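Residue numbers start from 1 in every chain, and the chains themselves are labelled A, B, ... in the order their sequence lines are given, proteins ahead of strands. The shown structure was predicted, so the numbers you read here are calculated from the model rather than taken from an experiment.
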Amino acid sequence: GQQLNQSPQSMFIQEGEDVSMNCTSSSIFNTWLWYKQEPGEGPVLLIALYKAGELTSNGRLTAQFGITRKDSFLNISASIPSDVGIYFCAGRFGNQFYFGTGTSLTVIP
Amino acid sequence: GAVVSQHPSWVICKSGTSVKIECRSLDFQATTMFWYRQFPKQSLMLMATSNEGSKATYEQGVEKDKFLINHASLTLSTLTVTSAHPEDSSFYICSAPGSGYNEQFFGPGTRLTVL
């Protein structure tokens, strides 16, 4: 399968701080997606990116599709306690979705 | 939005037994469903693509005879872990594509523990 690497693997931040995480791949994807997963639940889609260079926001979240189509980043501004969870990037290849290694986010009140 | 359910949400079984996990699309039809496996603190790994009315497509390294997939209707796919062993213990998640190009709705997952 496809290999997507995320960094950092985990983050511990104070409430109100901004967060940045990124995802790189050895393969080109036509679509990048960012998901959030909470313990014991399935992932929930946060942002979808369709074009190289695209910058898209969803509330406090901003994500960009890298020009090379092999990377993407996600920023969260002014973090709050409910942002806690594991964030996964995913690349779409044909009709299948391949997930990154995940970034675990802990927000300290 | 579209809802995907899984049953059971958790199961504990003895080594050597078989376990069936159901994935249902509750308010939409899904000709394709995906099965993922997730170990603790790790990513989701695509196991197979379930196709209604035809054979499933398995990812490299996934044993077809070990993980039996049946997609008998447009709203139901099942994953059967045959002759389960402790190393099969994991979180199994299914998903189904929605009408939008990048829509994919995930089930809540099934926690399998094999003793």
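Interface check for chain B: of the options Ser104(A), Gly102(A), Pro43(A), Gly42(A), the most heavy-atom pairs under 4.5 Å are formed by Pro43(A). Between chain A and the options Arg111(B), Gln6(B), Gln38(B), Gln42(B), the largest number of non-hydrogen pairs under 4.5 Å is found for Gln38(B).
Within a 6.0 Å radius of CD in Gln9(A), no more than 12 heavy atoms belonging to other residues, nucleotides or ligands are found.
Between Tyr36(B) and Phe106(B), the two ring planes are tilted [angle within 30° to 60°]. Between Tyr35(A) and Phe99(A), the angle of the ring planes lies from 30° to 60°, which puts this pair in the tilted group.
Neither the backbone nor the side chain of Gln6(A) has a heavy atom closer than 4.5 Å to any heavy atom of chain B. Contact of Leu44(B) with chain A is made through backbone and side chain together, with heavy-atom distances under 4.5 Å. Residue Thr110(B): no heavy atom, backbone or side chain, is found under 4.5 Å from chain A.
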I'd like to know whether Thr49(B) forms a side chain to side chain donor-acceptor pair (under 3.5 Å) with Thr57(B), so could you lay out the CA-CA distance, the side-chain angles of the two residues, the decisive distance to 0.1 Å, and finally the verdict. CA-CA 5 Å; Thr49(B) 302; Thr57(B) 304; 5.6 Å; no
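Side-chain contact between Leu79(B) and Phe67(B) is present, with at least one heavy-atom pair separated by less than 4.5 Å.
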